[in-house]
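Order of listing sets the numbers, starting from 1, for every ligand and every atom in it.
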Amino acid sequence: MASSFEKVCVVGLGYIGLPTAAILATHGLSVTGIDKNPTVVETVNKGKIHIVEPELEAVVSGVVATGRLKAASAVEAAEVFLIAVPTPLGKNEAPDLSYVQSAVSDIAPLLVRGNLVILESTSPVGTTEQVSEGLAKGRPDLTFPHQAGELADIQIAYCPERVLPGQVLHELVNNDRVIGGMTPRCAERTVGLYTTFVRGNCLVTDSRTAEMTKLTENAFRDVNIAFANELSMICDQLRINVWELIDLANRHPRVKILQPGPGVGGHCIAVDPWFIIDSAPEQAKLMRTAREVNDLKPRYVVRHVRERSARFSNPVIACLGLSFKADIDDLRESPAVEIVRDLAESVTGELLVVEPHIRKLPAVLAGRDHLTLASTEDAIARADIVLLLVNHRRFRNIDRRLLLEKVVIDTRGMWR
Ligand code: SAJ
């Protein structure tokens, strides 16, 4: 659908900002992507990308070539400002909103009546209202939704990203979007922008509900993974195969237990529940406990490996997988990395790490004695203990007969 907007400025060219900027540009809008990192700006302006995401480079190079997308280091005047900056955890598990605040300070001087500002970054409830207040502070000559409601000069909305890394281009277009307008008019204008490229439904609500929707989706998953992880520890205690147990329980028509693992990694599920816990600590008891259970799991695995390695004087341990989930190269917040690091610090013997998606060890593991990156074959052949940390497709082909003489610790249930 054709948009009534022509010029969009996307602040933050990361995993969400860059694909969104590129998709808007392919739909005929003139897009400037802003990033404080000069290397990112330079890379995008060459039609290349600085992140790993299938098919994205072809789209970016196409729109950069036609001039529809360009990158810059300073915010430029536009009709729509779309904020897609990181919102990491700061001190004491509290959200760090400094990148959002910095985007607000950069945008405020450029605003003109009729502009639309959209926040996409995962944010604690109330952040969109804070964006409105922050912009108003910088521009006392204009009115904003928290002051003037429907009559405001500037419209503001929250529209969370929900895409799965690795499938971003598909999910960006096909997923439903939740659009939280600070007023109905803010929402309506935001729907106008997203319907240029979204084939899913645009579901309209207020900004606080939209902020909470995003956090709830990831907290729901975290709590459910914690249930599976807790079950796995109970089952170890009771000498029950947790994988068989879950398969059986899931045959009940209203039971759908997720899979235990070595812990919860990535930038989202292990982080977002804290945004809820931080804003309602008294009420968010279950979510806090779930976070604690999931955070405990890597340490539980390390303890288990140490117990099983006690009978060897210098065990060779093959650690299969380092990424935070299967079939990707992303090591961010990966429980597997944490486990290998802790083993390197607490077990005498040799660690052979296998991660087919990387060529060199991450800094936290590099340069350690008795820890090397190995091929699957070499690691399995030499190991006394085989520790499976990630259920990569490639590990499924391992000949099970090669494991018969070894101590096998399977945190993912691949060899259940
Ligand atoms: N995990 C388990 N057991 C399971 C499922 C997952 O241990 O049964 C672990 C994975 O191994 C991994 C972690 O959880 O370490 C997270 O993996 P994931 O595939 O569940 O999710 P992410 O972090 O890659 O992406 C999530 C998605 N959110 C939901 O599915 C509700 C995605 O749609 C969001 O856009 C993304 O977070 C985000 O950016 O917030």
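Neither the backbone nor the side chain of H267 has any atom closer than 4.0 Å to an atom of ligand 1 (non-hydrogen atoms only). Counting heavy atoms closer than 4.0 Å to ligand 1, residue R332 contributes nothing at all.
With sequence neighbours excluded, the residues satisfying ring pair (Phe, Tyr, Trp, His ring centres under 6.0 Å) with H357 are H392.
Between F5 and L116 the shortest side-chain heavy-atom distance falls below 4.5 Å. Put simply, the side chain of L193 reaches to within 4.5 Å of the side chain of L29, judged on heavy atoms.
Between F197 and Y194, the angle of the ring planes lies from 30° to 60°, which puts this pair in the tilted group.
Of the possible polar contacts, one joining the D35 side chain to the L13 backbone as a donor-acceptor pair under 3.5 Å is found. Under the 3.5 Å distance criterion, the side-chain polar atoms of E333 are left unmatched by any main-chain donor or acceptor of A270.
Residue contact annotation: K214 has a non-hydrogen atom under 4.0 Å from ligand 1. A heavy-atom separation below 4.0 Å is not found between T122 and ligand 1.
At a 3.5 angstrom cut-off on N or O pairs, Q259 counts as close to ligand 1. Residue P335 has no N or O atom closer than 3.5 Å to an N or O atom of ligand 1. The distance criterion of under 3.5 Å between nitrogen or oxygen atoms is not met by C268 with respect to ligand 1.
Taking CZ of R288 as the reference point, atom CD of E282 lies at 9.5 Å (rounded to 0.5 Å). A distance of 10.0 Å separates CD1 in I156 from OG1 in T190, rounded to the nearest 0.5 Å.
Taking every heavy atom of E217 and a limit of under 4.0 angstrom, the matching atoms of ligand 1 come to 31 (C). Those atoms of ligand 1 that come under 4.0 Å of a heavy atom in E161, given as number and element, are 35 (O), 38 (C), 39 (O), 40 (O). Near L164, the atoms of ligand 1 lying under 4.0 angstrom from a non-hydrogen atom of the residue are 24 (O), 25 (O), 27 (C), 32 (C). Every atom of ligand 1 is numbered from 1 in the order shown, and the set under 4.0 Å from a heavy atom of V163 is 32 (C), 34 (C), 35 (O).
Residue pairs meeting the salt bridge (Lys or Arg N to Asp or Glu O under 4.0 Å) criterion with at least one member in residues 365-387, sequence neighbours excluded: E345-R368, E350-R382.
The nearest protein atom to atom 31 (C) of ligand 1, hydrogens excluded, is given as N218 OD1, 3.2 Å; this is a heavy-atom distance. Of the protein's heavy atoms, I269 CD1, 3.5 Å lies nearest to atom 21 (O) of ligand 1. What sits closest to atom 15 (O) of ligand 1 on the protein, heavy atoms only, is F324 O, 2.7 Å. Regarding atom 1 (N) of ligand 1, its nearest protein heavy-atom neighbour is I225 CD1, 3.5 Å. At the top of the distance list for atom 33 (O) of ligand 1, counting protein heavy atoms only, stands R162 O, 3.1 Å.
Between V204 and V191, the shortest heavy-atom contact is CG2-CG2, 3.6 Å. Closest approach of I257 and A249 over heavy atoms only: CD1-CB, 3.9 Å.
Of the candidates S323, G265, G266, it is G265 that places a heavy atom closest to atom 13 (C) of ligand 1. Of all the listed residues (R221, R412, K325), R221 holds the heavy atom that lies closest to atom 5 (C) of ligand 1.
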